[in-house]
Number of protein chains: 2
Amino acid sequence: MPERAHRPPCGACAECGVRTMAVCAALADDEISALERIMTARRLGADETLVVEGETRKRVYSLTEGMLRLSIALPDGRRQITGFLLPGDYLGLADDEVYTASVEAVVPAALCSFPVREMDALIETYPRLKDRLFRFTRAALRQARENQVILGRLAPVEKLAAFLLALSRRMAENKLADNPVPLAMTRADIADYLGLTIETVSRSFTKLRNQGLIRLPDAHLVEIVDRRSLEAVAGTVA
Amino acid sequence: MPERAHRPPCGACAECGVRTMAVCAALADDEISALERIMTARRLGADETLVVEGETRKRVYSLTEGMLRLSIALPDGRRQITGFLLPGDYLGLADDEVYTASVEAVVPAALCSFPVREMDALIETYPRLKDRLFRFTRAALRQARENQVILGRLAPVEKLAAFLLALSRRMAENKLADNPVPLAMTRADIADYLGLTIETVSRSFTKLRNQGLIRLPDAHLVEIVDRRSLEAVAGTVA
DNA sequence: CGGATGGTTGACAAGATTCAATCGGAGTGG
DNA sequence: CCACTCCGATTGAATCTTGTCAACCATCCG
């Protein structure tokens, strides 16, 4: 059977790596075709833009591979990254009419794309779909509030420690390598996520390394050596 | 007719000041009794604690009068206020099993209290109730992300400007005095909300006042004199 | 009247940002 | 295959902002 354009990036939903974690997990195997029918596969190259804040919200997405960053820009160029999306995460939870954040690929990514209208219809048809999205939204809200604590009350090293632990935890939840943690994003991304400068992020990495809490085989791979102490540094946030 | 214990603080739902804004607005006048039946009125004195983070989530609330603060504490005593609740706001959107934040009254408050179990049942009975709560949750998520920008990327004066504008806007939305804005909370609350110290908050107020953007008849009343310029300072956040 | 609480202001110090230089790896082109 | 360039990351030094500590003020309440 030839490949169709609107097949999930990973083949069919049945064989999808995030089948048990993503939105679609709300649907049984015999219901999934309804979702497949309105779905389009989409691939993004590194740093490619998927959504620009302010655009009308026409499509929603489910990430299957790679990593995305959500960011909000200030008029003068400053930028705050409000979250990183991992495979299994849903994109479009927060917004109604227009996107309130831009979305770019951190690394090459694959996602399932759905028209909002048709997805909304499906949500009304399958209550468990709505429930699952509701659950996702609540989790996102908790995480955003957790981030408020990190941004507002932690010192740079503490922020980084909390970030690494949270990332490791989420990677584990989504069944990805969680130690050593591969850091797909750049120092600039981390800085814009934690409300710091790249220099301060770099120095914080060095501090954690010198204290023996982490190892850095290279700049994009973090081995958590002493999780307990790292948690102590993070103030048990995350 | 004598007052019953589980009447809304403001009388019956029909005469409630937030009837058109709160969760209950999802129900028609002839459906509201279902909500009234599971509801208990609750009043809080200033600084009284309603919820301690970590507790199991047994009840959810709808605020009818006053103001609440949501906060998360660090083991060493540092505190981040993640949000202020105004009349019409719902309490319990983010959490599942346990509360992830503490809740205290900023000023004397009145609220409708619902057992989670029975509320959940009602939510399943009245789809519009669920939809409204979903909408509330999305709005809360957007606001939390907005706060991430404020906390992560704005300078102190900018933070305060953004805070005052956002508060004024929300007060207007909830049909409360929006200019001059009554500041129910203390400088310490504002500091813990914006990730600053009380001294820096105080200095920022003084700066905005000296620039002629606001007037401060007293410490708890802010008149926005030059909204446009204040927005410029805030970087059009909020 | 006096004490307590919350707010403002000042002086100082600590810490992060800024600016600048260096390093290292990846990719390119000769 | 190697040299070169470019980009990201790290490190150092100076600056500047914010936090800290302290004093002072005003108001409220007993």
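Below, chains carry the letters A, B, ... as their sequence lines are ordered, and counting in each starts from 1. These numbers were taken from a predicted model, which means no experiment stands behind them.
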Pairwise side-chain contact, Leu68(A) with Leu111(A), heavy-atom cut-off 4.5 Å (strictly under): yes
Contact check, side chains of Phe163(A) and Val201(A), non-hydrogen atoms, under 4.5 Å: no
Contacts of type side chain to side chain contact (heavy atoms under 4.5 Å, CB included), residue [X], not counting sequence neighbours:
X         : answer
Pro182(A) : Met171(A), Ala177(A), Leu221(A)
Thr137(A) : Leu93(A), Phe134(B), Thr137(B), Arg138(B), Leu141(B)
Lys58(A)  : Thr56(A)
Glu231(B) : Leu165(B), Arg227(B), Arg228(B)

Taking only N/O atoms, report every protein-nucleotides 10-14 of chain C pair under 3.5 Å with atom names and distance.
{"residue": "dG10(C)", "atom": "N7", "partner": "Arg203(B)", "partner atom": "NH1", "Å": "3.0"}
{"residue": "dG10(C)", "atom": "O6", "partner": "Arg203(B)", "partner atom": "NH2", "Å": "3.3"}

d(CD1, Ile198(A); P, dT17(C)) in whole Å: 11 Å
Rounded interatomic separation in angstrom, taking CG from Asn210(B) and C1' from dT8(C): 12 Å
CA sep, side-chain torsions, deciding dist, call: Glu146(A), Arg142(A), salt bridge (charged side-chain N to carboxylate O under 4.0 Å, His left out): CA-CA 6 Å; Glu146(A) 193 81 43; Arg142(A) 285 194 296 273; over 6 Å; no
Residue-phosphate contact under 4.0 Å: Thr200(A) side-chain N/O, dG15(C) OP1/OP2: no
Enumerate, atom names and distances included, each donor-acceptor pair closer than 3.5 Å involving a side-chain atom of residues 82-92 of chain A, sequence neighbours excluded.
{"residue": "Thr82(A)", "atom": "OG1", "partner": "Leu70(A)", "partner atom": "O", "Å": "3.4"}
{"residue": "Asp89(A)", "atom": "OD2", "partner": "Leu86(A)", "partner atom": "N", "Å": "2.7"}
{"residue": "Asp89(A)", "atom": "OD2", "partner": "Arg170(A)", "partner atom": "NH2", "Å": "2.5"}

Steps toward salt bridge (charged side-chain N to carboxylate O under 4.0 Å, His left out) verdict (Arg153(A), Glu158(A)): CA-CA 9 Å; Arg153(A) 282 296 174 227; Glu158(A) 300 171 330; over 6 Å; no
For Asp189(A), all residues meeting salt bridge (charged side-chain N to carboxylate O under 4.0 Å, His left out), sequence neighbours excluded: Arg69(A), Arg79(A)
Any pair counted as side-chain hydrogen bond (donor to acceptor under 3.5 Å, both in side chains), so long as it reaches residues 209-219 of chain B, sequence neighbours left out: Arg215(B)-Glu223(B)
Boundaries of the DNA chain D segment in contact with chain A, non-hydrogen, under 4.0 Å: dA9(D) to dA13(D)
Protein proximity profile, nucleotides 22-27 of chain C - base contact B, sugar-phosphate-only contact S, no contact -, cut-off 4.0 Å on heavy atoms: ------
Exercise: identify the closest heavy-atom pair between Val98(B) and Asp95(B): O-CB, 3.3 Å
Residue pairs, two or more places apart or on separate chains, that pass salt bridge (charged side-chain N to carboxylate O under 4.0 Å, His left out) and touch residues 174-187 of chain A: none
Comparing Thr206(B) and Asp47(B) on DNA chain C - which has the more 5′ nearest nucleotide: Asp47(B)
Interface with DNA chain D, restricted to residues 177-194 of chain B and to heavy atoms under 4.0 Å: none
